[in-house]
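Chain A is the first sequence line, chain B the second, and so forth, proteins listed ahead of strands; every chain is numbered from 1. In this text, all values refer to a predicted model and were calculated from it rather than measured experimentally.
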Amino acid sequence: MQKILDFDLEQTLECGQCFRWERQPDGSYTGVASGHILNISEENIPQIAQDEFWGNYFDLKRDYAKIRADLSAADRTLARAAQFAPGMRILNQEPWEALCSFILSQNNNIPRIRGIVKRLCEQFGEPIGDGFFAFPTPERIAALEPEALCEIRCGFRAKYVVDAARKVASGVIDLERLKTAELSDAREQLMQIHGVGPKVADCTLLYGLHRLEAFPMDVWMKRAMQTLFPGRSPEAFGCYAGIAQQYIFHYSRCNPELFAQERQHAG
DNA sequence: GACCAGGTATTGC
DNA sequence: GCAATACATGGT
């Protein structure tokens, strides 16, 4: 079995694109996607890469070395960011899970987002054995009133999650269709949801619909663009701008000293 | 206690 | 249009 290059579990699962994977004491990661449970480690990557579902989930068929080389050739700083986490891959997460997770991410911090998503799954997701839960379906959440979400402690975001669930469950928004729609149209449709603005829409496009040209612009990316790429715009990074974004986001978060003069106190 | 967290809706100009 | 502000909750 061939060794999978350009794939690192920590870089991929702890770079801020997903919230349900948990690192185990032995360094492996356990998670759930589309109702499937997986434990993945450096040792079993080759086997898992053979599996159609997981191979696609981890985007293992894509030539990230080539993408990284192209991005690196375009910009010296981008080359440094890409080299910082060359094993990072953009997951193929479920569209609804990505939409819902990033609605919950707004004005929130990553550890707390993880806790909210965990409680959401435990309270409203289907048990799939061994104490694991599937991500709750939009239909299940659509049937709730926002008040029913108070036990997951997501605060003012409860009404946003319910609105998203209702628009998806009713077919007002067809997430699958957005995979092939014009990017700007897909973005506008997502922004019909109460609580979905440009940033959450772009996260949904990139992480849930695998639209690799989408470029979510959060506070970190705004700082990074100002400081590291003055005068550049996301479009300059081309059709893989989303991957560039993830390299830059991860690099920035792991090296906050780059922005020391702009931030009073980090973390 | 103030301030912050992978933002967004609302309000006021 | 664009700048200010509230929003739930939990950590520093």
Side-chain angles (χ1 to χ4, degrees), chain A residues 10-21 81 84-85 88 90-91 93 95 97-120 122-123 144-167 173 187-209 211-212 214-229 234 237 241-256 258-267:
Chain A
E10 181 177 1
Q11 290 170 15
T12 298
L13 299 174
E14 298 193 40
C15 70
Q17 65 175 318
C18 56
F19 303 100
R20 291 198 72 192
W21 288 89
F84 181 75
M88 192 248 4
I90 302 292
L91 300 173
Q93 301 184 63
E97 176 174 344
L99 169 61
C100 191
S101 298
F102 281 94
I103 286 174
L104 292 169
S105 79
Q106 65 180 261
N107 199 32
N108 211 341
N109 57 65
I110 290 178
R112 207 170 86 84
I113 299 163
R114 295 175 61 92
I116 293 171
V117 170
K118 186 177 169 69
R119 290 190 290 276
L120 178 73
E122 289 172 353
Q123 295 290 332
L144 301 171
E145 294 304 319
E147 294 74 37
L149 290 174
C150 72
E151 55 193 302
I152 72 169
R153 304 199 291 285
C154 65
F156 64 89
R157 306 165 192 86
K159 56 185 179 292
Y160 299 158
V161 169
V162 170
D163 186 57
R166 289 179 180 171
K167 286 195 167 80
I173 291 177
R187 198 169 187 254
E188 275 183 33
Q189 285 207 42
L190 289 167
M191 287 174 62
Q192 290 173 12
I193 298 166
H194 202 55
V196 175
K199 193 271 180 179
V200 172
D202 286 341
C203 284
T204 305
L205 289 166
L206 178 57
Y207 305 123
L209 301 168
R211 300 296 299 258
L212 298 179
F215 194 96
M217 193 72 99
D218 74 317
V219 287
W220 284 95
M221 289 306 298
K222 283 176 187 162
R223 271 198 298 268
M225 291 306 285
Q226 279 178 19
T227 307
L228 305 177
F229 304 94
F237 298 131
I243 296 179
Q245 182 271 165
Q246 200 62 24
Y247 288 136
I248 297 165
F249 175 76
H250 185 59
Y251 177 65
S252 298
R253 275 181 49 90
C254 293
N255 298 278
L258 291 168
F259 317 100
Q261 72 282 9
E262 298 164 46
R263 275 169 71 75
Q264 258 50 0
H265 37 270

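- Residues A:K167 and A:D163 are paired through a salt bridge, judged by an N-O separation under 4.0 Å between the basic side chain and the carboxylate.
- What separates NZ of A:K159 from C1' of C:dA6 is a distance of 10 Å, to the nearest Å.
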Sequence-aligned protein contact record of nucleotides 6-13 of chain B, with B where the base is within under 4.0 Å of a protein heavy atom and S where only the sugar-phosphate is = BBSSS---
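- Distance, A:L104 CG to B:dA5 P: 18 Å, rounded to whole Å.
- Aromatic rings from A:F229 and A:F237 are positioned such that their centres are separated by under 6.0 Å.
- A gap of 14 Å separates the P atoms of B:dT11 and C:dA8, to the nearest Å.
- Aromatic pair A:Y207/A:F19: centroids not less than 6.0 angstrom apart.
- The environment of A:K118 atom NZ is sparse: at most 12 non-hydrogen atoms of other residues, nucleotides or ligands sit within 6.0 angstrom.
- If you take atom P in B:dG6 and the same atom in C:dC2, they sit 27 Å apart, rounded to whole Å.
- Of the possible donor and acceptor atoms, one in the side chain of A:R157 sits under 3.5 Å from a partner among the backbone N and O of A:N107.
- For C:dG10, the OP1/OP2 oxygens have a side-chain nitrogen or oxygen of A:R153 closer than 4.0 Å.
- At a threshold of 4.0 Å, the pair A:E122-A:R20 does not count as salt-bridged, since none of the basic side-chain nitrogens sits closer than that to a carboxylate oxygen.
- Here the C1' atom of nucleotide C:dA8 and the CD atom of A:E151 are 16 Å apart, to the nearest Å.
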